[in-house]
**Student:** 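Could you have a look at this structure, given as structure tokens, before my questions?
The structure displayed is predicted, hence computed values, not measured ones.
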Amino acid sequence: MCNFTLNWYYERFGNNDVSFSPDGKSIASGDSDGVLVWDFDLNQLLKHGCNMAHDYLKNNPKAESDRYLCDDIYKKK
């Protein structure tokens, strides 16, 4: 899971209930109901962000200078 709920969980549980993995690629948070783990693979995050911005970059005339910002991200496997 990687979305805006991460910030909500971090604020809700506080920093005493959030742990970072040694390699920095995942975060775990928890409470009495269980533990949630987020995978933070940089390539996956970049693809997710580019997918979210795709229509904006493609169609907004004000984004003309940034239109091809994600082209290299889409080419990565």
Side-chain angles (χ1 to χ4, degrees):
M1 174 190 320
C2 180
N3 56 34
F4 295 107
T5 60
L6 174 63
N7 191 37
W8 178 83
Y9 276 107
Y10 185 81
E11 290 174 1
R12 179 175 174 214
F13 296 127
N15 59 7
N16 291 330
D17 296 294
V18 176
S19 295
F20 295 85
S21 66
D23 64 2
K25 292 184 179 182
S26 58
I27 296 176
S29 66
D31 68 358
S32 60
D33 293 330
V35 175
L36 294 172
V37 178
W38 288 273
D39 181 24
F40 286 101
D41 177 81
L42 180 58
N43 289 329
Q44 195 67 16
L45 288 172
L46 288 170
K47 285 179 184 179
H48 180 71
C50 285
N51 286 336
M52 302 261 313
H54 180 265
D55 287 338
Y56 171 82
L57 292 172
K58 182 179 177 183
N59 299 311
N60 189 328
K62 294 181 180 178
E64 189 172 334
S65 64
D66 295 325
R67 190 147 323 220
Y68 304 102
L69 186 67
C70 291
D71 285 358
D72 290 340
I73 303 301
Y74 290 127
K75 292 177 186 175
K76 290 181 183 180
K77 292 186 177 185

**Student:** Got a sec, which residues hit side-chain contact (heavy atoms from CB on, under 4.5 Å) with Ala28, two or more places apart in sequence or on another chain?
**Tutor:** Val35, Val37
**Student:** Could you tell me the separation between the NE2 atom of His48 and the CE atom of Met52, rounded to the nearest 0.5 Å?
**Tutor:** 5.0 Å
**Student:** Examine Tyr68 and Ile73 and state if one hydrophobic cluster contains both, with Ile, Leu, Val, Met, Phe, Trp and Tyr joined whenever side-chain heavy atoms are less than 4.5 Å apart.
**Tutor:** no
**Student:** Which atom names give the shortest non-hydrogen contact between Asn59 and Arg67, and what distance separates them?
**Tutor:** N-NH1, 4.3 Å
**Student:** Not counting sequence neighbours, which residues clear side-chain contact (heavy atoms from CB on, under 4.5 Å) with Asn60? List them please.
**Tutor:** Tyr56, Lys62, Ala63
**Student:** Might you point out which heavy atoms bring Asp66 and Leu57 nearest each other, and give the distance in Å?
**Tutor:** O-CD2, 3.5 Å
**Student:** Is there a continuous path of hydrophobic side-chain contacts, each under 4.5 Å between heavy atoms, that joins Leu36 to Leu45?
**Tutor:** yes
**Student:** What distance separates Gln44 CD from Leu42 CG, expressed to the nearest 0.5 Å?
**Tutor:** 10.5 Å
